[in-house]
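The next block holds one structure in the form of structure tokens; read it before the comments.
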Amino acid sequence: MQLRYSKIYVLTLFLVLCSSIFGGNLSPDPDTLNNSKATPPSLIPLPQSVTWNEKMYKIPKLNNICYNKGSEKAANWLQELLRNANIKSKKTQGKSCGNWTIITDSSLEEQLGDEGYLLDINSEGITLQSATDAGLFYAIQTLRQFFPSTIERKQLSPTEISLHQVQIEDQPAYSWRGTMVDVARSFTGLDYLKTHVDRMALYKLNRLHLHLTDDQGWRIEIKKYPKLTDIGAKGSVKGGNSGFLTQEDYLELQEYALARNIIIIPEIDFPGHIYSALVAYPELNCEELSNIEPKRATPPELYSGYEVGWSKLCLKKKEIYNFVDDVLMEMAEITKGPWLHIGGDEIEDPLYETFVVKADSIVQQKGKITIGWEEVTKAEVSSTLISQQWNGKTESVVDVKVIESICSNFYFDHANTPGQENTLNWCKEDGVSLEDVYSFSTNDPNTIGVEAPVWSEYVLNNETMDDRFWPRSLAVSEVAWRGENKKDFSNFVARVSKHGERLNEMGIHFFRSPEVEWKITSNPKTPSTVFSDFE
Ligand code: TNX
């Protein structure tokens, strides 16, 4: 009898201790049970399945993140998230050891794919599960949107946070959820690209395509051809920025992006759009510069205009293939992702198809997968090549996978609203509205996803780049994540409206699309770096 009492006593003492150490997860705080009618957070992209509970979970003062083997990275990210909300936590590897539980379980892959996750918030705490790191990272990004937007600036007081109880099961419709930055016409430095990566990550975008070379400038260091950057990187469009990424910068950016589940896709645009290389290495030209027609510029002058389709490598010279091979070799060596983009747009030449087939096979020899603008499918390219559609006018002779960047839905150098200053309109006279992006739909089974480019002929600073990408990238995110399961547009814009403050807190100079009823009380800040010091 005595023994039984002392056992109960010890057990009670243990429970009380656990409860004070782990923030009360073993005996829920009465506040977690109150019936709050606060509106649930607006999530973008909307998860595939969400079941809200009316109750809230109040985050206790002390928190323990309990993670299993394989979940440490996610545990670090979660701790970072809590730190930004000024919430203290400790991490423990184990099972059922805290109010925050993170589980990597490979058997979930069948149900959730390689990017899906489960997020459960109930009166006991929060549980995140996935088969992969990527899935857990996305669960954390969803969770981030449960916190007030001031978390983006680390300005939350620890006592005020309650999370809506919910059950979420989520996974993307498309594996390719991308944006493209043209750093060639006007150079956007490493810092902005990292900031852009941070912003993409919150909305579960996972591919960043860099248009690294064009007539106006060459933006990536190639050790074997130093003049590409000594000379070719000096140019830009009128009023734009020159410069380039060193190979170190490029590696740093890729590491940074990979930690956020974003893969960088480098594009070296061949065989047209190449004038900056023709100035640096005149031997890539034909006799009498017959490959430059019309002569918008001639070496040694740089080109700072806006015309396209007037320069190309001298395709009848065998030597150009050494150049192409060397450049792609270095790019393959320094690129962590599986893809190399070879451009291939806007050029007329009888040897075009021959060039494309060779360039594709060079990329494959280097162990990478080729991507090209849709024109490359005029050639008998390999079946693994991925075509990036931009105007949908090419008569393809091959059946290959497709990334959709169709200009009427995804060209973000086009106006947000008709007549917006410094925008192009050749594809769509009245611009590409938020609704134009959101209404994208396809039944092509070859589509692996979508990508929105910002060409930078008229995008000469970071604020303008922000204005072109945001909020339209929120529509890219939802289109790519939900596929044909999109909700109606009015439901979407209502959620976008709630994200205005968050975009502001993040320091994004976003366009105030008239389709959205913005409720913004503060001014845009400098770019927030609270999620940037994590590697
Ligand atoms: C077309 S679409 C281009 C770019 C221009 C852009 C301007 C494509 C593959 N090439 O070279 O910058 O239009 O909107």
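Residue numbers count from 1 along this sequence. Both counts, for ligands and for their atoms, begin at 1 and track the order of listing.
Scanning the protein for heavy atoms near atom 2 (S) of ligand 1, the closest one is Tyr411 OH, 2.6 Å.
Summarising the local packing, NZ of Lys487 is surrounded by 12 or fewer heavy atoms from other residues, nucleotides or ligands at distances under 6.0 Å.
Figure legend: cation-pi geometry between Lys486 and Phe492 absent, as NZ or CZ is not positioned both under 6.0 Å from the six-membered ring centre and within 45° of its axis.
The shortest N/O to N/O separation between Glu346 and ligand 1 falls below 3.5 Å. For ligand 1, the polar-atom distance check against Asp214 finds no nitrogen or oxygen pair separated by under 3.5 Å. On a distance-only criterion, Trp373 and ligand 1 share no N/O pair closer than 3.5 Å. Some N or O of Trp426 is nearer than 3.5 Å to an N or O of ligand 1, by distance alone.
Here the side chain of Asn504 pairs no donor or acceptor atom with the backbone of Glu501 at under 3.5 angstrom.
The CD atom of Gln247 lies 8.5 Å from the CD atom of Glu333; values are rounded to the nearest 0.5 Å. The OH atom of Tyr250 lies 15.5 Å from the CZ atom of Phe244; values are rounded to the nearest 0.5 Å.
Counting heavy atoms only, Arg185 comes closest to atom 11 (O) of ligand 1 of the residues Met180, Glu457, Arg185.
Applying the 4.0 Å criterion to heavy atoms of Asp345 picks out, from ligand 1, the atoms 8 (C), 9 (C), 10 (N). Here is the list of ligand 1 atoms found below 4.0 Å of a heavy atom in His273: 11 (O). Each of the atoms 7 (C), 14 (O) of ligand 1 lies under 4.0 Å from some heavy atom of Leu424. Close contacts between ligand 1 and Asp413 involve ligand atoms 7 (C), 14 (O) [criterion: under 4.0 Å to a heavy atom].
Considering only heavy atoms from C-beta on, Tyr458 stays 4.5 Å or farther from Thr423 through its side chain. The closest side-chain heavy-atom distance from Glu152 to Arg144 is below 4.5 Å.
Under a 4.0 angstrom heavy-atom cut-off, His211 registers as lying outside contact with ligand 1. The closest approach between a heavy atom of Gln388 and any atom of ligand 1 is not below 4.0 Å.
Between Trp470 and Tyr203, the ring planes are tilted. Angles from 30° to 60° get that label.
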